[in-house]
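Please read the structure below before turning to the comments.
We name chains A, B, ... by the order of the sequence lines, and we start the count at 1 in each one. Computed from a predicted structure; not experimentally measured.
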There are 2 protein chains.
Amino acid sequence: MKATIKDVAREAKVSTATVSFVVNGIDKVKKNTKERVLLAIQKLNYVPDQAARTMIKKKTKTVGLIVPLLTNEYWAELAEQIQEELILRGYTLMICTAGMKSAELTINSLLERNVDGVILGGRIVSDPDDHYIQMFMDRRIPLVSIAPIHKDVTSVWGDNLNSSREVVEHLIQQGHTKIAYIGSMSTGIGRELGYRNALAIAEIPVDEALVRNGKSEEVHNFSQYGYQTMKQLVADKCEFTALFGANDLIAIGAIKALQESGLRVPHDVAVAGFDDIAMAALYSPAITTVKQPIGEMAGSVVAALIEQIEQPDGQSIARKITFPMTVVVRESSIFPKGGYKN
Amino acid sequence: MKATIKDVAREAKVSTATVSFVVNGIDKVKKNTKERVLLAIQKLNYVPDQAARTMIKKKTKTVGLIVPLLTNEYWAELAEQIQEELILRGYTLMICTAGMKSAELTINSLLERNVDGVILGGRIVSDPDDHYIQMFMDRRIPLVSIAPIHKDVTSVWGDNLNSSREVVEHLIQQGHTKIAYIGSMSTGIGRELGYRNALAIAEIPVDEALVRNGKSEEVHNFSQYGYQTMKQLVADKCEFTALFGANDLIAIGAIKALQESGLRVPHDVAVAGFDDIAMAALYSPAITTVKQPIGEMAGSVVAALIEQIEQPDGQSIARKITFPMTVVVRESSIFPKGGYKN
DNA sequence: CTGAAAGCGCTTACAG
DNA sequence: CTGAAAGCGCTTACAG
């Protein structure tokens with residue numbers, strides 16, 4: 001049988017109020033009493049019942065996270081970090097993967113459960129009209145996002161533009177001038193702009209044939225998209241000696257395609273990706289990429305959300321919080337001994 | 001102000017009990033009365049409070065899933081599939097990653113939220129004495145696991161032993177006799193036994209120097225573990241022409257180490273992994289592995305759990321449900337033209 | 001500091 | 001059929 005606050009009170013020979021004070025860290029209880037209560041809690045394996053608490057407080061201490069999918073390591077890691085941050089602050093996380101058939105049901109379940117707030121990991125793919133965003137806002141559910149998706153929603157984001165510029169500048173410094181770009185709607189415009197800016201600063205004209213941008217509907221699977229797009233680039237007989245892929249999975253797919261076409265990386269084509277997933281270091285060749293400060297971003301997004309939840313009258317103007325990111329140079333872009341053949 | 005059942009009762013001039021009967025479709029109420037109540041509900045925009053209901057019914061329609069971590073694609077996919085199955089049956093999923101610092105807090109939150117049931121994805125790493133399993137069982141929380149971790153818990157599992165035997169037999173058929181094994185506590189004993197059985201059937205004596213088994217405490221990061229262990233095998237000057245890694249990440253880490261040591265895969269060493277994560281097909285070389293039927297396993301584990309939740313008096317004997325798995329042969333183990341050098 | 005007691009909004013025996 | 005009432009497990013003024 002599950003122990004209740006009454007059982008603990010009886011065991012510790014105090015009132016339920018005192019137990020409640022101890023459990024909630026309200027500093028009213030004599031040290032001696034407190035210890036007795038803690039002992040009883042431990043002995044009975046007491047865990048407070050959230051439902052009862054919720055009924056009184058009208059707060060569920062639950063936050064929803066909507067991500068496109070979990071099988072992309074980037075989102076998986078973000079979800080882990082966000083959960084960690086939330087749990088330390090006493091909140092529970094409910095994860096929704098918006099890429100599944102059941103997306104609508106999952107998102108609705110957030111509403112039914114009366115979550116205290118929602119973190120949006122990018123735009124909800126199945127929701128072109130921001131229908132859900134509007135619904136959350138109508139219900140006054142605090143909202144925060146990982147990408148700047150709506151002018152009234154505070155967002156946390158990496159500085160995609162500048163870090164993309166930096167990684168492309170790294171390729172340029174390696175002697176490349178014919179640099180291809182493979183991105184998609186869902187990797188965001190910032191990375192493409194960074195690519196274009198780097199070329200502009202170096203006074204290299206952009207060859208639009210080398211810029212490939214998949215519409216998000218087409219891109220369910222980044223690595224496959226990278227693979228197919230690179231096959232296409234090769235089939236189109238495009239000339240290039242380097243590639244900037246808008247994320248690591250795209251880059252890995254592209255490398256696979258290059259290798260199948262008999263092109264070596266980095267000897268024939270240098271490659272850089274984005275995100276620094278674990279596989280970037282493990283791949284062969286190890287992939288030059290950009291590392292996002294996921295831990296910090298998770299902390300920031302959680303802090304912003306909890307601020308909104310707990311101080312609803314505070315600053316309500318939506319902010320954009322931008323984090324710097326770091327270029328990580330690895331084998332896939334390093335100028336090999338003997339130089340490039342082109 | 002939100003309307004309560006009392007407001008409705010007053011409005012309809014009945015008792016709260018009658019309102020409750022109407023709301024819950026309990027057919028006890030005279031048609032006339034019922035209509036009056038429905039009218040009042042509509043007028044007041046009454047929505048029952050879930051928290052209050054939960055407190056009495058002791059059912060939250062929520063299920064917890066405990067996985068070691070989310071950044072392993074295998075667990076991420078399993079989590080996605082389980083969520084999909086649950087949501088279609090009207091349940092919400094709460095995911096806990098047991099590998100984080102906050103593991104204890106997260107698991108406790110499952111108890112606080114009074115989940116109706118728990119799915120254990122393998123043994124909880126931080127819980128050597130099955131303290132949590134015991135706690136769930138003590139509280140009569142329906143429990144189901146993805147690996148056979150406890151004799152009283154129904155489990156769903158792939159047939160590790162036989163599929164491991166098959167993949168090692170594939171290596172043997174390729175002409176290999178000196179086959180190394182890298183596994184760990186957390187990948188389970190079945191895969192190692194399959195390896196041993198394959199050798200035994202082929203009458204190849206096991207060279208224990210080639211069998212490496214990390215204790216689970218040491219193995220936080222499979223790919224790194226595979227990398228280091230392979231470095232060690234090479235440093236130990238062990239003779240082998242093939243490797244069976246107990247999962248794909250171990251295999252990938254090992255390949256990385258082999259390549260750094262100047263050994264080519266599969267020319268000098270053939271490699272096979274396990275799980276068929278997306279990266280297995282994308283890696284270079286593509287990795288021979290074993291594919292688990294994750295969708296079916298998720299469906300099965302959810303069905304077993306919901307059966308326990310909704311028919312607690314039904315079959316209570318713990319079952320072991322085993323799924324067959326498929327060997328997927330790819331480049332990393334294919335005998336190259338010209339044969340092996342040893 | 002600590003306890004007795006009044007709820008939070010709902011369900012459910014138990015009477016009538 | 002319907003109502004009065006006893007909880008579910010917790011929090012929180014209000015006394016002492």
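Within 4.0 Å of A:Ser20, counting heavy atoms only, lies at least one base atom of the nucleic acid.
Expressed to the nearest 0.5 Å, how far CG of B:Leu120 lies from CD1 of B:Ile149 amounts to 4.5 Å. Expressed to the nearest 0.5 Å, how far OG1 of B:Thr71 lies from CD1 of A:Ile277 amounts to 11.0 Å.
Between B:Lys6 atom NZ and C:dC10 atom P there is a gap of 10 Å when expressed in whole angstrom units. Atom pair B:Lys58:NZ and D:dG7:P shows a separation of 14 Å (rounding to whole Å applied). With rounding to whole Å, A:Lys61 atom NZ is found 18 Å from D:dG9 atom C1'. Between the P atom of C:dC10 and the CG atom of A:Asn114 lies a distance of 12 Å, rounded to the nearest Å. Taking atom NZ on A:Lys59 and atom C1' on C:dC8, their separation rounds to 15 Å, with Å as the unit. D:dC8 atom P lies 11 Å from atom CG of A:Asp7, rounded to whole Å. Between B:Ile5 atom CD1 and C:dG7 atom P there is a gap of 18 Å when expressed in whole angstrom units.
Annotation: salt bridge (Lys or Arg N to Asp or Glu O under 4.0 Å) contacts involving residues 56-66 of chain A, sequence neighbours excluded, comprise A:Lys58-B:Asp49, A:Lys61-A:Glu310.
Contacts of A:Glu77 classified as side chain to side chain donor-acceptor pair (under 3.5 Å), with partners at least two apart in sequence or in another chain: none. Contacts of B:Asn72 classified as side chain to side chain donor-acceptor pair (under 3.5 Å), with partners at least two apart in sequence or in another chain: none. Residues meeting the side chain to side chain donor-acceptor pair (under 3.5 Å) test with A:Lys28, sequence neighbours left out: none. Remark: B:Asp7 engages B:Arg10 in a salt bridge (charged side-chain N to carboxylate O under 4.0 Å, His left out) (not counting sequence neighbours). A search for side chain to side chain donor-acceptor pair (under 3.5 Å) contacts involving B:Ser109 returns nothing, not counting sequence neighbours. Applying the salt bridge (charged side-chain N to carboxylate O under 4.0 Å, His left out) test to A:Glu73 and every residue at least two apart in sequence or in another chain returns nothing.
Within residues 49-56 of chain B, the residues having any heavy atom under 4.0 Å from DNA chain C are, by residue number, B:Asp49, B:Ala52, B:Arg53, B:Met55, B:Ile56. Less than 4.0 Å separates DNA chain D from no heavy atom of any residue of residues 40-48 of chain B.
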Output a table of donor-acceptor pairs, distance under 3.5 Å, between side-chain atoms of residues 13-23 of chain B and any protein atom two or more places apart or on a different chain; print 'none' if there are none.
| residue | atom | partner | partner atom | Å |
| --- | --- | --- | --- | --- |
| B:Ser15 | OG | B:Ala17 | N | 3.3 |
| B:Ser15 | OG | B:Thr18 | N | 3.3 |
| B:Ser15 | OG | B:Thr18 | OG1 | 3.3 |
| B:Ser20 | OG | B:Asn24 | ND2 | 3.4 |

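Checking side-chain atoms of B:Ser155 against main-chain N and O of B:Ile146 turns up no donor-acceptor pair under 3.5 Å.
Stretches of at least 3 consecutive Watson-Crick or G-U wobble pairs, with each checked distance under 3.5 Å, appear in DNA chain C as C:1-3 with D:14-16, C:5-12 with D:5-12, C:14-16 with D:1-3.
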Salt bridge (charged side-chain N to carboxylate O under 4.0 Å, His left out), that's the test. Do A:Lys6 and A:Glu11 meet it? Break it down for me.
CA-CA 8 Å; A:Lys6 275 189 188 168; A:Glu11 176 74 25; over 6 Å; no
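Looking at every heavy atom in both residues, B:Ala12 comes nearest to B:Ala40 through CB-CB, 3.9 Å.
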Could you list, one pair per line, each protein nitrogen or oxygen that sits under 3.5 Å from a nitrogen or oxygen of nucleotides 2-5 of chain C, together with the distance?
| residue | atom | partner | partner atom | Å |
| --- | --- | --- | --- | --- |
| C:dT2 | OP1 | A:Thr33 | OG1 | 2.4 |
| C:dT2 | OP2 | A:Lys30 | N | 2.8 |
| C:dT2 | OP2 | A:Thr33 | OG1 | 3.2 |
| C:dG3 | OP2 | A:Ser15 | N | 2.9 |
| C:dG3 | OP2 | A:Ser15 | OG | 3.4 |
| C:dG3 | OP2 | A:Thr18 | OG1 | 2.8 |

